[in-house]
Amino acid sequence: MNIPAVSAIYLFEMARTRRTLLQSIVAPVISTSLYFVVFGSAIGSRIPQIDGVSYGAFIVPGLIMLSLLTQSVSNASFAIFFPKFSRTIYELLSAPVSHFEIVLAYVGAAATKSTLLSLIILATASAFVPLRIDHPIWMVSFLLLTAVTFSLFGFIIGIWADNFEKLQLVPLLIITPLTFLGGSFYSIDMLPPFWKNVTLLNPVVYLVSGFRWSFYGSADVGVGVSLVMTLGFLALFLAIVTWMFRTGYRLKT
């Protein structure tokens, strides 16, 4: 493996985060804090406990997952799209760097940034509501696995997109709505039977449910099912990325 090349790409992407600290870190943290103020305080005071957990604490895993999914996709998609847009992708493709090393560097950097942001949001949430984490190892495992999986998804979007509008299409019109409707702010057990069955078709439900289980030991679906679904997404996105590189799909513009 070309360690210097992977490190150079990884460090470059991390340095870009430091240069855009206000946009990359501060803005998402402030936005999430507003969710706590609106949902946790204003609305939460009118909602009884859910599964023995206060509403403010109940929504914390969902809010972290919302930020994790959107930031993982956005970071990875922009990271690979911008070299295509600026035509510097040719330098990368002609360098002695394998496709695996390119994916490892870009996806690794995006996953690192989104994971750090999620941990900052978790620390911020603890200032608003009392938290507990019943299964810390599983919490970290779900966090890292989801970050890597959706950073891969973002990498796919960055290769697929040929303009900035398409780059924002999936995060804004698909990821965010699915997360809001995936039990981030409520338990799907509160829904009528028909809508509960419809909601189970939403793949984000399994991600949020597994992550919430690591906090409070309760979940809308079995934790084993959540883990299998997450690993399934990872395998699917790996297969798509492999196909894209083998066929040269939109790598050159």
Side-chain angles (χ1 to χ4, degrees), residues 1 5-6 9-10 12-14 16-17 24 28 65-95 97-115 117-118 142-179 182 201-208 211 226-253:
M1 181 182 293
V6 174
I9 298 173
Y10 178 87
F12 176 81
E13 288 301 312
M14 296 304 295
R16 183 161 59 84
T17 300
S24 302
M65 189 60 64
L66 172 63
S67 176
L68 182 66
L69 296 181
T70 55
Q71 291 299 315
S72 295
V73 171
S74 298
N75 287 330
S77 60
F78 183 81
I80 191 61
F81 174 80
F82 191 76
K84 290 174 52 184
F85 176 77
S86 62
R87 305 301 178 114
T88 58
I89 188 70
Y90 296 103
E91 299 176 7
L92 183 63
L93 294 175
S94 61
V97 186
S98 68
H99 296 163
F100 171 76
E101 291 162 349
I102 293 173
V103 174
L104 180 63
Y106 279 114
V107 171
T112 300
K113 289 185 282 187
S114 58
T115 300
L117 178 60
S118 297
F142 271 112
L143 192 69
L144 294 176
L145 190 59
T146 305
V148 172
T149 299
F150 279 81
S151 293
L152 270 172
F153 186 36
F155 191 87
I156 293 169
I157 294 171
I159 295 178
W160 165 77
D162 52 12
N163 54 56
F164 283 100
E165 287 76 16
K166 287 185 178 180
L167 195 68
Q168 297 297 322
L169 181 67
V170 174
L172 291 178
L173 297 183
I174 298 179
I175 299 296
T176 300
L178 286 180
T179 307
L201 299 176
N202 181 352
V204 178
V205 167
Y206 304 92
L207 305 177
V208 174
F211 193 57
S226 297
L227 183 60
V228 169
M229 289 291 291
T230 306
L231 292 173
F233 285 131
L234 179 61
L236 173 63
F237 296 151
L238 278 172
I240 295 174
V241 168
T242 301
W243 172 81
M244 283 180 160
F245 273 108
R246 285 182 176 176
T247 60
Y249 178 81
R250 289 193 177 179
L251 289 175
K252 299 177 181 180
T253 56

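We're numbering straight along the sequence, starting at 1. All figures in this text were calculated on a predicted structure; none of them were measured in a lab.
- Residues Leu231 and Leu145 form a side-chain contact, since some pair of their non-hydrogen atoms from C-beta on lies under 4.5 Å apart.
- Listed by chain and residue number, Phe164 satisfy the ring-ring contact (aromatic ring centres under 6.0 Å, His included) test with Phe81 (two or more places apart in sequence, or in another chain).
- One finds the CH2 atom of Trp160 at 5.5 Å from the CG atom of Leu169 (value rounded to the nearest 0.5 Å).
- With sequence neighbours excluded, the residues satisfying side-chain contact (heavy atoms from CB on, under 4.5 Å) with Ser118 are Ile64, Leu68, Leu143.
- When the ring-ring contact (aromatic ring centres under 6.0 Å, His included) test is applied to Phe12, no partner is found at least two apart in sequence or on another chain.
- Atoms OG1 and CG, from Thr112 and Leu144 in turn, are 9.0 Å apart once rounded to the nearest 0.5 Å.
- For Tyr10, there are no ring-ring contact (aromatic ring centres under 6.0 Å, His included) partners, not counting sequence neighbours.
- Partners of Tyr206 under the ring-ring contact (aromatic ring centres under 6.0 Å, His included) rule, at least two apart in sequence or in another chain, do not exist in this structure.
- Taking both residues in full, the closest heavy atoms of Val107 and Val148 are given as CG1-O, 3.9 Å, listed atom of the first, atom of the second, then distance.
- Distance alone, capped at 3.5 Å, is enough to place a donor-acceptor pair between the Lys84 side chain and the Ala161 backbone.
- In this structure Thr176 satisfies the side-chain hydrogen bond (donor to acceptor under 3.5 Å, both in side chains) test with no other residue, sequence neighbours excluded.
- The heavy-atom pair separating Val73 from Pro171 by the smallest distance is CG1-CG, 3.7 Å.
- With rounding to the nearest 0.5 angstrom, the CZ atom of Phe150 is 5.5 Å from the CD1 atom of Ile175.
- Taken from CZ in Phe233 to CG in Leu207, the straight-line distance is 6.0 Å, to the nearest 0.5 Å.
- In this structure, Tyr106 OH and Ile80 CD1 are separated by 5.0 Å, a value rounded to the nearest 0.5 Å.
- Between atom CG of residue Asn202 and atom OG1 of residue Thr179 there is a gap of 7.5 Å, rounded to the nearest 0.5 Å.
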N/O donor-acceptor pairs under 3.5 Å from side chains in residues 151-159, not counting sequence neighbours:
from: Ser151; atom 1: OG; to: Ala111; atom 2: N; distance (Å): 3.3
from: Ser151; atom 1: OG; to: Ala147; atom 2: O; distance (Å): 2.7

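- Taking both residues in full, the closest heavy atoms of Met14 and Ala109 are given as SD-O, 3.8 Å, listed atom of the first, atom of the second, then distance.
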What verdict does the side-chain contact (heavy atoms from CB on, under 4.5 Å) test give for Thr146 and Ser72, after you've listed the backbone C-alpha separation in whole Å, the side-chain angles of each residue and the deciding distance to 0.1 Å? CA-CA 9 Å; Thr146 305; Ser72 295; over 6 Å; no
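- By the side-chain contact (heavy atoms from CB on, under 4.5 Å) test, Thr247 pairs with Trp243, Tyr249, sequence neighbours left out.
- Shortest non-hydrogen contact noted between Gly182 and Val208 is O-CB, 3.9 Å.
- For Leu236, the side-chain contact (heavy atoms from CB on, under 4.5 Å) partners are Ile240, not counting sequence neighbours.
- Residues satisfying the side-chain contact (heavy atoms from CB on, under 4.5 Å) test with Thr242, not counting sequence neighbours, are Arg246.
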Could you go through Val97 and Val6, starting from their C-alpha distance and side-chain angles, then the distance that decides it, and tell me whether this counts as side-chain contact (heavy atoms from CB on, under 4.5 Å)? CA-CA 8 Å; Val97 186; Val6 174; 5.5 Å; no
side-chain contact (heavy atoms from CB on, under 4.5 Å) between Thr70 and Leu66, intermediate numbers included: CA-CA 6 Å; Thr70 55; Leu66 172 63; 4.2 Å; yes
